[in-house]
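Remember, it's a predicted structure, so these values are computed and weren't measured experimentally.
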Amino acid sequence: MPALTFNGSSDYVEYSGGQLVPEPPYTVTLWQRRTNALGIFVSWNSGSLANSDGRGRTGWSNTSFGRLNHQIKDDGGVFGVASSSENLNVNEWIFASYRSSGAANRDVRPNSGTVVTNTSNRTVTGLDTFWLGREKTGASYQYYWQGQLAGLSIFSRVLTEDELDILYNGADPRTLSGQSDHIDSWLLDEIVDGKVIGIANGTEMTVSGATLSEDIDGPELSWGGGSLARMHDLRGAPVMFNPRSFAAWSGVRAAR
């Protein structure tokens, strides 16, 4: 299968045309595979170019905890973090789901596992940039993703667990109801003139350093054709991606 590969030190994808991840409610889903056993790794971040304090919303993982995390750092610099209960392994593809229904509710769920919720009341404003594979720019710290990312989707509503299961099983996100709330989805299976392009609404994001890997073992997704295949065969073994079929995966980090 094709996927974007990130080097963990400088590679990222950027959208600077406004707030791609909206104010709650929202859902972000993505497939991710982390290939480094040590450190903090950011799969996505919605932040601001204008400030240097790192505030924003972030999906990340930390090998010290082995958990998937959905974090907000609010306008006062205070964190609110939902951290998954399952241990996640290096070199394992994870379907990561990040949802928020309001300032006092955010949750995280790996694969079809347990939903873990954080209810601390946190408000953050002025988030004008979205990064895939990188913490916000200008902060005194920066974290990146090392490994592969694929099949990113963003919605301006909270998807149900049944809908998350549909995506986990490889379905095209454009088949879900409520498409007016579907901001966009990116296969991340090709780079066109230095950009990745959304399959739902054509939203373009600029690629900086990340490269396309054509033949990566991983789950099969049915975006844009083909059968609705599960990501594993009946023996539990991963199957090869269809080059034109896809969804998204992620990894783990600790609060700072």
Side-chain angles (χ1 to χ4, degrees), residues 1 3-9 11-13 27-46 57-73 79-100 106-118 131-135 141 143-154 159 161 164-170 188 210 213 216-221 230-233 235-239 241 246-256:
M1 76 177 211
L4 285 186
T5 294
F6 298 76
N7 66 7
S9 61
D11 292 350
Y12 62 95
V13 174
T27 301
V28 178
T29 65
L30 119 119
W31 292 101
Q32 59 191 52
R33 183 174 75 164
R34 179 170 48 82
T35 58
N36 193 325
L38 299 173
I40 293 172
F41 302 95
V42 173
S43 58
W44 65 273
N45 173 247
S46 180
R57 301 185 180 96
T58 309
W60 57 273
S61 67
N62 187 305
T63 52
S64 298
F65 295 89
R67 298 288 189 267
L68 190 69
N69 299 276
H70 182 190
Q71 173 180 294
I72 183 172
K73 184 179 181 184
F79 293 101
V81 185
S83 184
S84 67
S85 57
E86 291 94 337
N87 287 320
L88 305 174
N89 300 317
V90 175
N91 294 315
E92 176 185 1
W93 278 104
I94 305 296
F95 180 71
S97 306
Y98 310 88
R99 305 182 299 178
S100 177
R106 65 204 56 83
D107 66 36
V108 65
R109 182 197 197 208
N111 299 325
S112 59
T114 303
V115 174
V116 176
T117 302
N118 174 267
W131 291 273
L132 191 62
R134 182 192 191 188
E135 185 71 65
Y141 52 82
Y143 298 102
Y144 291 84
W145 184 258
Q146 184 166 343
Q148 284 79 41
L149 296 173
L152 168 71
S153 291
I154 303 174
L159 298 188
E161 289 186 51
L164 294 178
D165 286 341
I166 289 171
L167 296 182
Y168 172 63
N169 284 310
L188 306 181
S213 297
I216 304 285
D217 287 339
E220 185 169 354
L221 308 171
R230 275 196 61 85
M231 287 163 287
H232 301 273
D233 64 22
R235 298 163 297 173
V239 295
F241 266 102
F246 231 107
W249 301 74
S250 184
V252 192
R253 147 182 118 174
R256 304 181 302 277

Restricting to side chain to side chain donor-acceptor pair (under 3.5 Å), what partner residues turn up for N118, sequence neighbours left out? R106, S120
Identify the heavy atoms of L149 and F6 that sit nearest to each other, and give their distance. CD1-CE1, 3.5 Å
Heavy-atom closest pair, residues L88 and R34: O-NH2, 4.1 Å
Applying side chain to side chain contact (heavy atoms under 4.5 Å, CB included), run through V28 and L152 and close with a yes or a no. CA-CA 7 Å; V28 178; L152 168 71; 3.9 Å; yes
Go through the steps for L188 and V13 under the test side chain to side chain contact (heavy atoms under 4.5 Å, CB included), then give the verdict. CA-CA 10 Å; L188 306 181; V13 174; 5.8 Å; no
Write down the atom of Y12, the atom of R134, and the distance for their closest heavy-atom approach. CZ-NH1, 3.1 Å
Shortest non-hydrogen contact from A96 toward L68: CB-CD2, 3.6 Å
Residues that S85 engages under side-chain contact (heavy atoms from CB on, under 4.5 Å), provided they are two or more places apart: T114, V116
Return the minimal non-hydrogen interatomic distance between Q146 and G8, and the atom names on each side. CB-CA, 3.7 Å
Please check if the side chain of N36 supplies one atom and the backbone of L38 the other of a donor-acceptor pair under 3.5 Å. yes
Interatomic distance, S46 atom OG to I154 atom CD1 [nearest 0.5 angstrom]: 8.0 Å
Distance-only side-chain donor-acceptor flag, N45 / T58, under 3.5 Å: yes
From CH2 (W131) to OH (Y144), nearest 0.5 Å: 10.0 Å
S213: what forms a side-chain contact (heavy atoms from CB on, under 4.5 Å) with it, not counting sequence neighbours? T5, I216
Under the rule for side-chain contact (heavy atoms from CB on, under 4.5 Å), what residues qualify as partners of L164, not counting sequence neighbours? T27, T29, S97, R99, R109, L159
Heavy-atom check, side chain of F95 versus side chain of L167, under 4.5 Å: yes
Side chain to side chain donor-acceptor pair (under 3.5 Å) partners of S112, counting only residues at least two apart: none
Which heavy atom of I94 sits nearest a heavy atom of P110, and at what distance? CG2-CB, 3.9 Å
The side-chain contact (heavy atoms from CB on, under 4.5 Å) partners of N89 (sequence neighbours excluded) come to E92
Over 60° means perpendicular and under 30° means parallel, so tell me whether H70 and Y98 are parallel, tilted or perpendicular. perpendicular
Main-chain N/O of D217 paired to W93 side chain as donor or acceptor, under 3.5 Å: yes
Tell me whether N7 contacts the main-chain N or O of S9 through its side chain, where contact means a donor paired with an acceptor under 3.5 Å. yes
